[in-house]
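Every chain is numbered from 1, with letters handed out A, B, ... down the list of sequences.
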Amino acid sequence: MNRSALTHFAGIVIVLVILAVLPHFLRYHHQDFLIFLVINILVVSSYRLVTLTGEWSLIHAVMMGVGAYGSAILSKQFNVSFWLSMPLAGVVAGSVAALLCYPLFRMTQFYFLIGSFAAGEAIRLSWIHFIKPFGGTSGVSGIPSPELGNIDFLEPIPYFYLVLIIVTLCLFLLYRVEKSRVGLTLHAVHWKAPLAESVGVNTWNYRSLAFITGSVFVGIAGALKVHYIGTVTPKQFDIGFMVFILIWVIVGGYRTFYGAIIGAIVLSILDEAFREFDELRPAIYGAILVFAILFLPAGLESLPQRLREKFGRSGAKEAG
Amino acid sequence: MAILEVRNLTKQFGGLTALNDVSFSVEPGEIHGLIGPNGAGKSTMFKNIAGFYAPTSGEIRFDGRDITGLKPSRISHEGIVRTFQETTLFQELSVFDNVLVGTHNRSRTDIFSAILGLDRQKQREAEDSAIEVMEFMGLADRRDQLAAELPLGSQRALAIAIALVSKPRLMLMDEPFAGMNPEETGHMMDLTRRVRESGVTIVLVEHDMKAVMGLCDRLTVLNFGTLLARGSPEEVRNNPDVISAYLGGSHA
Amino acid sequence: MELLIQSIVNGFIQSGFYALAAVGLVLIFGVMGVVNFAHGELVMVGAYTVWLLHAQYGVPFLPTILIAILLVTAIGALMEQFLFRPMRGDPLGGLICSIGVLFILQVVATVVGGDGPSKQVPPPYEGTLVLWDFLRVPYQRLFAIGVAIAALGLLWYFLTRTRLGWALRAVSQDREAASLQGINSNRISMIAICVGAAMAGLAGALMAPLTNINPHMGHNVIITAFIVTIVGGVGSLSGAVIASVLYALFHTFVTTYFNGTVATISGLLIMVLVLIIRPTGIMGHRVSE
């Protein structure tokens with residue numbers, strides 16, 4: 001292991017240790033917040049995989065819902081244990097994504113964006129329309145929490161550890177995919193699709209692959225969320241939530257693996273801080289979004305480098 | 001037998017005929033020039049061969065097999081790789097990663113092996129051949145630079161390296177000399193010859209007449225989408241039709 | 001039978017509203033290459049203006065329509081000046097900016113109108129036209145469709161018969177070629193968004209007495225506008241108008257015989273189907289390469 005990999009590894013261990021002890025210093029309400037934050041980190045990281053090929057889909061929130069509904073219905077109506085229904089949520093979301101690949105990836109860019117939005121809305125409206133088994137507007141409630149020995153997963157702290165372990169594992173897998181040659185090819189498809197095709201890359205396959213894999217992971221995130229809340233509704237996965245995902249990724253930055261995660265953390269904490277403004281919160285988010293894209297187009301991840309450049313440049317000016 | 005055979009190829013866009021009944025063939029191991037004034041249909045021909053356009057009618061055979069209308073990725077599996085007119089590279093990736101993308105065809109990997117780490121061996125092979133090709137193209141010392149930061153000559157060399165690492169049998173080069181000064185052109189001509197010597201047949205679309213005449217074994221001349229002349233550089237140079245096309249048309 | 005004819009008439013009247021909302025979206029996308037996600041909110045602001053000035057403060061209906069148009073046009077102009085222009089050439093950036101505006105406008109509406117139930121505006125034109133005993137059309141609806149048709153006619157005249165309209169269409173066909181011909185694309189973009197926003201403001205103002213007004217009403221508007229835009233062919237204004245009529249009839253029928261959710265789901269599925277089979281829409285044309 002070389003030195004940079006070692007510092008990398010050490011950094012991750014430190015973050016994990018901090019996260020592991022953190023909930024014991026928080027009040028109940030903030031423990032909840034922390035659970036959702038960790039789940040949202042998985043949401044943005046899986047979304048990042050989808051966007052690696054350069055296609056910004058608007059269906060990711062709905063795919064999370066597909067996993068959530070899948071796991072909820074499996075565990076509640078078919079008595080499938082959480083430990084099975086949670087990974088199956090990923091399979092369900094991945095399968096729905098696979099079915100959508102054919103229509104969706106006939107389109108690119110604008111058409112893909114609108115097409116994915118339309119497909120997502122159609123799925124979401126189906127949850128509202130088909131009361132059986134989706135429960136209409138009020139959704140499915142009474143989703144059982146996980147069972148393991150005599151651990152009480154209704155309590156936030158045990159559930160937090162469960163989420164932390166699963167999300168860390170998923171992030172590790174996502175990171176491996178991105179750093180592998182498959183990930184490199186996804187990048188290549190994004191930046192110069194014709195060039196990638198000319199060396200034999202079937203761009204359709206790779207777009208689909210990224211979309212399906214991202215959906216599998218976000219499906220798992222969906223299951224994690226609703227088994228904690230106990231209820232799943234169509235409202236949880238509407239375009240509003242999709243926009244939050246977009247904002248986290250854009251504000252954080254989409255050039256590195258960490259950018260989206262930083263975005264999710266910083267903005268979620270900000271959001272928590274603005275809780276008392278309540279109805280003004282979306283506007284604050286909107287303003288942050290606009291300012292971020294205008295003044296920090298490469299995201300928060302670029303901040304250290306930009307500061308360095310700024311000081312470097314002013315230094316050069318003085319010298320000149 | 002010809003390695004590439006284009007028979008009666010016609011390509012229409014709406015009512016416009018960009019290529020009209022053009023036939024020519026390329027022999028194994030040669031550097032074949034595809035030339036003509038602006039708008040003669042050279043690039044259209046290129047895109048048809050590489051699968052970016054589907055011909056309206058006619059046939060393209062590679063090594064005796066019909067490849068007409070296949071997708072670009074399929075064509076590249078057959079052993080034909082194209083380079084691009086502009087400096088089309090993966091600008092945000094390093095030189096090494098650029099070349100690594102080119103190994104796609106030869107050492108496939110899939111997402112499960114990627115997650116489970118089962119593709120170590122293939123990964124090593126791919127990296128080795130990438131390094132080999134970088135050395136061959138004189139890019140070894142620029143390995144970790146971003147493609148966007150390279151000087152023009154190295155960018156073109158990298159474009160060829162990406163194509164070359166996929167071990168093609170036929171390389172289609174789209175204006176590799178465009179915008180180059182005489183020194184860079186000379187260097188590029190050497191590289192092109194080296195690629196041919198490594199066993200790759202080359203078809204070249206180019207405006208730079210000096211380079212074309214110095215490099216190519218045979219030429220195919222297009223004008224307004226039709227075949228104007230075929231033959232050695234010497235024959236083409238003295239062909240009255242070619243002379244009048246070049247003097248009468250634009251002075252490209 | 002009577003229900004059928006009544007649905008046809010209702011659908012046709014609804015289509016005027018769809019068309020007004022969609023042409024703006026098409027115009028802005030065609031000329032500027034930006035998907036304006038806040039377009040539904042522009043319609044919402046138009047409706048809120050009428051609610052606030054006419055229903056709350058008793059300003060006569062016609063002047064409030066004008067004020068609504070002017071206000072929404074001004075918002076559009078500000079968006080172009082401060083958001084879309086700096087983001088030129090970055091369609092994703094433009095889209096994100098418009099989402100930001102969407103949030104801000106929704107919150108402004110919540111602050112102005114307060115939370116709580118949807119708002120209603122009593123129809124300024126009372127009474128109902130009764131034809132052959134069974135067909136009933138409220139005068140308010142007749143007025144709305146009349147103004148909508150007049151506005152679309154005016155837009156058509158502007159785009160096909162004036163130099164400026166010609167320049168606008170030229171830019172939407174090919175931005176680069178247009179700039180080579182000396183057309184100032186910044187100025188054209190400004191005009192496009194002003195015209196598009198004005199249409200959205202008018203749509204909102206006309207619909208205000210006929211619909212429930214709330215800060216989130218833009219959501220359904222934008223979904224409808226997307227469907228109409230895609231089905232009609234992106235970049236084709238006549239396509240958008242034709243698709244508006246077809247979709248409004250379709251939606252009214254399905255809503256009458258089934259319900260609104262089924263209508264929207266089938267609309268979205270039709271749109272996905274159009275995207276698969278004919279991505280250029282019914283009136284669109286494929287751009288070469």
Side-chain angles (χ1 to χ4, degrees), chain A residues 4 46 49-50 52-54 90 94 97-98 105-106 169-217 253-256 259 298 302 305, chain B residues 47 50-52 71-84 86-94 96-120 122-123 126-127 130 147-148 159 162-168 171-172 174:
Chain A
S4 93
S46 57
L49 185 67
V50 178
L52 272 188
T53 57
F105 287 103
R106 287 175 57 97
L169 184 68
C170 290
L171 288 187
F172 172 71
L173 296 178
L174 282 166
Y175 185 79
R176 276 195 81 109
V177 171
E178 185 174 336
K179 293 295 157 189
S180 73
R181 224 142 44 81
V182 173
L184 182 64
T185 311
L186 293 176
H187 274 291
V189 168
H190 176 187
W191 292 113
K192 285 280 150 54
L195 178 54
E197 280 179 10
S198 78
V199 292
V201 177
N202 185 329
T203 51
W204 194 92
N205 284 354
Y206 274 84
R207 288 197 173 111
S208 306
L209 180 70
F211 180 57
I212 295 170
T213 314
S215 300
V216 168
F217 283 104
Y254 45 86
R255 270 161 230 280
T256 67
S302 69
Q305 195 190 342
Chain B
K47 287 177 180 166
F52 286 82
K71 277 195 299 185
S73 54
R74 285 284 305 133
I75 300 255
S76 108
H77 284 274
E78 296 287 332
I80 301 180
V81 175
R82 67 168 289 193
T83 68
F84 285 79
E86 328 80 45
T87 46
T88 300
L89 298 165
F90 306 115
Q91 303 282 357
E92 312 232 337
L93 299 181
S94 71
F96 181 63
D97 282 347
N98 265 275
V99 183
L100 211 52
V101 173
T103 62
H104 180 83
N105 263 348
R106 294 175 47 227
S107 51
R108 306 299 287 268
T109 176
D110 62 86
I111 196 152
F112 293 107
S113 355
I115 288 177
L116 300 172
L118 297 175
D119 57 351
R120 288 268 163 75
K122 279 182 169 175
Q123 180 74 19
E127 285 175 8
I162 297 171
L164 198 58
V165 79
S166 72
K167 290 270 174 346
M171 193 186 288
L172 306 171
D174 202 354

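- Residue with the most contacts toward chain B among Thr185(A), Leu184(A), Val182(A), Asn202(A): Leu184(A) (heavy-atom pairs, distance under 4.5 Å).
- Using a 4.5 Å cut-off between heavy atoms, Thr203(A) does not touch chain B at all.
- Most heavy-atom pairs under 4.5 Å with chain B: of the set Ala196(A), Ser198(A), Gly183(A), this distinction falls to Ser198(A).
- When each of Glu178(A), His190(A), Arg207(A) is tested with Leu52(A) by the rule side chain to side chain contact (heavy atoms under 4.5 Å, CB included), just one qualifies, namely Glu178(A).
- Residues Phe211(A) and Val50(A) have side chains in contact (heavy-atom distance under 4.5 Å, counting atoms from C-beta outward).
- Neither the backbone nor the side chain of Ala159(B) comes within contact range of chain A; no heavy atom of the residue lies under 4.5 Å from a heavy atom of that chain.
- Heavy atoms of Thr103(B) lying under 4.5 Å from chain A belong to its backbone as well as its side chain.
- Exactly one residue among Val101(B), Leu89(B), Leu100(B) makes a side chain to side chain contact (heavy atoms under 4.5 Å, CB included) with Ile162(B). That residue is Leu89(B).
- Leu173(A) meets the side-chain contact (heavy atoms from CB on, under 4.5 Å) test with Phe217(A), Ile115(B); sequence neighbours excluded.
- Only the side chain of Leu93(B) comes within contact range of chain A, with heavy atoms under 4.5 Å apart.
- In plain terms, the two heavy atoms of Gly94(A) and Ile212(A) that are nearest each other are O-CG2, 3.7 Å.
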